[in-house]
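Here the structure comes first, spelled out in structure tokens, and everything after it is commentary.
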Amino acid sequence: LVFLVMLGILVALMNKAGGSAAFGRWASTHIHTRAGAQFATLILGMLIFVDDYFNCLTVGSVMRPVTDRQKVSRAKLAYLIDSTAAPVCIIAPVSSWAAAVTSSVPDGSGINGFTMFLRTIPYNYYALLTIVMSLFLIFTGTDYGSMKQHEDNARAGDLFTTADRPYGDDVDAEDDAHGHVIDLVAPVLVLIAACIFGLIYTGGFFEGVDFITAFSDCNASAGLVLGSSIALMFTFVFYRVRSVMTFQDFCRLHPR
């Protein structure tokens, strides 16, 4: 729970600092096709593998303007995000899902929870085939059923099809214009590195245990909390040094 709270704070910080909007603007200048916008969504979803909620919040806010410009329906965007968020997290050793799975192994089972998690990855057919299916749909342009209706309407200019228009009137906030891509990339990279550090630290790596054994014997929950705390502290200092946000901005920050 603490880990997820930390991730929520990080997402709010990156959005407020303009990092998410800046990455979206950068991606728009390099992506010029519908397939390219969808593939970029998939790749970004795979890169942000620490937590599925963190994945959805970050990838959704970053890629929504890009896919809108390429006339990809909101339904297709939601499908691609959901098809990378949970499937990637459940096969990524450094993730909140890994912590949940490893902690559920009974003490008397005779196998370390993290070791069991690693051994089950090749047999997680749902996750692996969902990612393969997403790639197939992107590069073949195949759509069927309700999704085909959404995509056909999107090509004609209606991104929603439904009567609801979630985030339909979204515009970049004024402070978003001052952000840069590094304001998104740096916190995410530090989060991943810090979580790996937290895992091997709890596994005794700095007490002489080898890397693999440290991973196998780690306390995943404690390691992820430690890693996210380090990333949050880094983000605070990083944004202050870059004068992206004031201390008062941090204190009154809330998700929009």
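Residues K148 and D152 are paired through a salt bridge, judged by an N-O separation under 4.0 Å between the basic side chain and the carboxylate.
Put simply, the side chain of T41 gets close to the backbone of A37: a donor and an acceptor are under 3.5 Å apart.
Residues forming a ring pair (Phe, Tyr, Trp, His ring centres under 6.0 Å) with F3 (at least two apart in sequence, or on another chain): none.
When every heavy atom of I91 is checked against every heavy atom of I121, the shortest pair comes out as O-CD1, 3.4 Å.
Side-chain N/O atoms of N219 and T202 include no donor and acceptor closer than 3.5 Å.
Aromatic ring centroids of F206 and F197 lie under 6.0 Å apart.
The CE atom of M133 sits 10.0 Å away from the CG atom of L129 when rounded to the nearest 0.5 Å. How far CD1 of I90 is from OG1 of T120: 7.5 Å, rounded to the nearest 0.5 Å. The CD1 atom of I81 sits 11.5 Å away from atom OG of S134, with the distance rounded to the nearest 0.5 Å. Summarising the geometry, atom OG1 belonging to T162 is positioned 10.0 Å from atom CD belonging to Q149; distances are rounded to the nearest 0.5 Å. Distance CG/D143 to OG/S73: 7.5 Å, rounded to 0.5 Å. In this structure, CZ in R242 is found 4.0 Å from CG in D183, a value given to the nearest 0.5 Å.
The shortest side-chain heavy-atom distance between R25 and T29 does not fall under the 4.5 Å cut-off.
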*asked:* If you apply the rule salt bridge (charged side-chain N to carboxylate O under 4.0 Å, His left out), what do you find for E151 with R34, and how did you get there?
replied: CA-CA 11 Å; E151 285 291 89; R34 298 182 79 253; 2.6 Å; yes
*So R64 and R74, side-chain contact (heavy atoms from CB on, under 4.5 Å) or not? Walk me through it.*
CA-CA 8 Å; R64 190 170 63 235; R74 291 293 176 87; 3.5 Å; yes
*Start with the C-alpha gap between F39 and F139, add the side-chain angles, then the distance that decides, and say whether ring pair (Phe, Tyr, Trp, His ring centres under 6.0 Å) holds.*
CA-CA 8 Å; F39 184 62; F139 290 111; 5.2 Å; yes
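Applying the 6.0 Å contact sphere to CD of Q248 captures more than 12 heavy atoms from other residues, nucleotides or ligands.
The aromatic rings of W26 and H30 are tilted relative to each other, their planes meeting at an angle between 30° and 60°.
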